[in-house]
Q: 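Before I ask anything, let me first share the structure, which is written out below as C-alpha cells.
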There are 2 protein chains.
Amino acid sequence: MNRLPVYLQILTDLELTETSQVSSDQLAALANVNAAKVRKDLSYLGTYGTRGVGYEVAFLIYQIKRELGLLTEWKTIVVGAGNLGSAITVNGGFASRGFPVVAIFDVDPRKVGTIVGELTVRNLDEMCEFVRANGVQIGVLAVPSTAAQSVADDLMAAGIGSLLNFAPVVLTTTKGVTVRNVDLGVELQILGYHEQLRGQASSQPNRVSV
Amino acid sequence: MNRLPVYLQILTDLELTETSQVSSDQLAALANVNAAKVRKDLSYLGTYGTRGVGYEVAFLIYQIKRELGLLTEWKTIVVGAGNLGSAITVNGGFASRGFPVVAIFDVDPRKVGTIVGELTVRNLDEMCEFVRANGVQIGVLAVPSTAAQSVADDLMAAGIGSLLNFAPVVLTTTKGVTVRNVDLGVELQILGYHEQLRGQASSQPNRVSV
DNA sequence: TAGATTGTTAATCGATTAACAATC
DNA sequence: TAGATTGTTAATCGATTAACAATC
C-alpha cells in the first residue's frame with residue numbers, strides 16, 4: 001500500500017511531540033486524505049483501533065513497519081560515486097530508516113579508494129563478487145544513463161533483489177527483480193505542466209483542468 | 001496526465017533510432033501498458049493518429065511537449081549546494097529538458113562563491129530578491145529537513161510557482177503553489193516492502209499479494 | 001448512559017480495457 | 001479491395017467515500 005509510508009512519517013512526527021493517541025480524522029487531516037480511507041488502509045493491517053478513542057501511535061508505527069518490512073534491515077549498495085551517489089550514501093540517512101549502505105562502487109580509477117561518508121569507494125570490478133558474498137538485497141543506480149543497463153544486468157546476474165534507478169532510461173529486467181525508477185527530470189516536467197496550467201487558468205479560462 | 005512523460009521518453013528514444021511511425025500496440029509494449037490506454041491517452045491530445053498506419057513519432061513528441069508545457073523554458077533555481085544540489089545542477093541535464101538552472105544558493109559561507117557546474121554559489125540572503133527580479137518559476141529544495149520549511153516560506157513569499165522538495169517533511173504551503181515531494185527514503189522503503197513480499201512468497205505461501 | 005470513533009458495508013466514482021465501427 | 005490500426009463506446013474493474021451499526 002503506497003500510503004502507508006506517508007502515515008508512518010506523520011505518526012513518527014506525532015510521536016516526537018508526545019502524542020500517544022490519534023484518530024482517523026486527525027490522521028486524515030495531516031495526510032490530506034479522507035478519514036474513511038485512513039480507516040480502510042489501517043484496517044488492512046489488522047483491527048488495531050479502539051472505537052470511541054482512536055489508535056495508539058506507537059503501536060501503529062510498529063504495525064506499519066512490520067507490514068512494510070522495515071523491522072528488518074535491507075543491505076544496500078550504491079553504484080556511482082558522483083554527487084548523486086555521494087548524496088545518497090552520506091546524507092540520505094537511510095541507515096536509520098532500515099537501509100544501511102554497505103558499499104559504494106565506481107568505475108573511475110580516480111574515485112576508487114576515496115572516502116565517501118564512512119565508506120571507501122570500491123572498484124566496479126568487485127561489485128558482483130561483493131553482492132554475492134554479502135547477500136546484498138538492494139542496489140541504487142546513480143550512474144550515467146549509458147551505463148545503467150549494463151550495471152543492472154551485472155547486479156541481476158549477481159542475485160540482487162531490487163533496484164532503485166536514477167538514470168532516465170527504461171531498464172530491461174530479468175526474473176523477479178523489482179525496479180523503481182526515479183527520473184528527476186520527469187518530476188520537473190510535471191511541475192512545468194502545472195506552471196503551464198497556471199498560465200492558462202489566468203489567460204484562457206475556457207479549459208477544464210485534468 | 002502522468003503517463004505522458006513516459007510516452008515522451010519512449011518516443012524520443014524511437015526518434016533516435018530513425019523510427020518515424022509507431023502504432024499504439026508498439027508504444028503499449030514499450031511502456032508496459034494496454035494499447036487501448038495508449039490510444040485513449042493520446043486521443044486526449046487531439047486526433048493525431050492515422051487509421052491503418054499509426055502515429056508519426058516527431059509530431060507526437062511535439063504534441064506531448066506542447067501539452068506538458070515543455071515548449072517553454074521554466075526558470076529553475078536550486079537551494080542547497082551540497083552533493084544533492086550539485087548533482088541536480090551539474091549532471092541532471094535538466095537544461096536540455098526545458099528547465100535551465102539559473103542559480104544555486106547556500107547558507108554556508110564556505111560554499112558561497114564556489115563553482116558548481118557553470119554557476120557560482122550565491123548567498124541565501126540574495127535568494128528572494130533574485131527570484132523576484134528574474135521571475136523564477138521553479139525552486140528545488142536540496143536542503144536539510146530542518147531548513148526546508150523556512151526556505152519554502154521565503155520562496156513562496158517571493159512568488160515562486162512550484163517547488164520540488166527532497167527533504168523528508170510535509171511542507172505547509174500557501175496560495176496556489178504546487179509542491180512535489182521526492183523522498184528517497186520512501187522509495188527505498190517501497191523496495192524493502194517488495195523484498196519482504198518476496199521472502200514471504202517463498203516461505204509462507206498462504207498470503208495473497210497486495 | 002451519552003459522546004466519540006472504529007470497522008465495514010454498500011453506493012459512488014473514475015480509471016481501465018475489450019470490442020468494434022470508421023477509415024486509412 | 002483486404003489488412004491494419006485508430007478513435008470511441010460500453011462494459012468491467014477497482015478505488016474512494018458516505019453512512020451507520022458496533023462498541024469503547
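No hydrogens, no waters, no symmetry mates; every other heavy atom, side chains included, goes into these values. Every chain is numbered from 1 and lettered A, B, ... according to where its sequence line falls, protein lines coming before strand lines.
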Q: When the distance from CG of A/Asp41 to C1' of C/dT6 is rounded to whole Å, what number comes out?
A: 14 Å
Q: Taking any strand in view, what nucleotide pairs with D/dT6 in a Watson-Crick or G-U wobble way, both distances under 3.5 Å?
A: C/dA21
Q: Please examine the side chains of B/Arg198 and A/Gln137, heavy atoms only from C-beta on, and report whether any two atoms are closer than 4.5 Å.
A: no
Q: Within the structure provided, determine whether B/Leu8 and B/Leu70 are in side-chain contact (heavy-atom separation under 4.5 Å).
A: yes
Q: Return the value, rounded to whole Å, for the distance between atom CG of A/Asp25 and atom P of C/dT6.
A: 7 Å
Q: Give a yes or no on whether the backbone of B/Glu15 and the side-chain of B/Thr19 come within a donor-acceptor separation of less than 3.5 Å.
A: no
Q: Between B/Gln21 (CD) and D/dT6 (P), how many Å, whole number?
A: 10 Å
Q: Taking atom types as modelled, is there a side-chain donor on A/Gln149 or A/Asp153 under 3.5 Å from an acceptor on the other?
A: yes
Q: Given the structure, check if the side chain of A/Arg51 and the base of C/dT6 hold any donor-acceptor pair shorter than 3.5 Å.
A: yes
Q: Round to a whole Å and report the spacing from NZ of A/Lys40 to P of C/dA10.
A: 11 Å
Q: Whole angstroms only, please: what is the CD-P distance between B/Glu56 and C/dC24?
A: 16 Å
Q: Going by heavy atoms in the side chains, are A/Tyr48 and A/Glu56 under 4.5 Å from each other?
A: no
Q: Closest approach to the side chain of A/Lys37, judged atom by atom: which nucleotide of D/dA18, D/dT16, D/dT6 is it?
A: D/dT16
Q: Among the nucleotides D/dG7, D/dA18, C/dT6, which one has an atom lying closest to any side-chain atom of B/Tyr55?
A: D/dG7
Q: Starting at atom CG of A/Asn34, determine the distance to atom P of C/dT8, rounded to an integer number of angstrom.
A: 17 Å
Q: Let me know the distance between CG of B/Asn32 and C1' of C/dT16, rounded to the nearest Å.
A: 16 Å
Q: Start at the 5' end of DNA chain D and walk down; is the nucleotide closest to A/Ala36 or to A/Val53 reached first?
A: A/Ala36
Q: Would you indicate, yes or no, if D/dT6 has its OP1 or OP2 atom less than 4.0 angstrom from a side-chain nitrogen or oxygen of B/Ser24?
A: yes
Q: To the nearest Å, give me how far apart CZ (B/Arg39) and P (D/dT9) are.
A: 14 Å
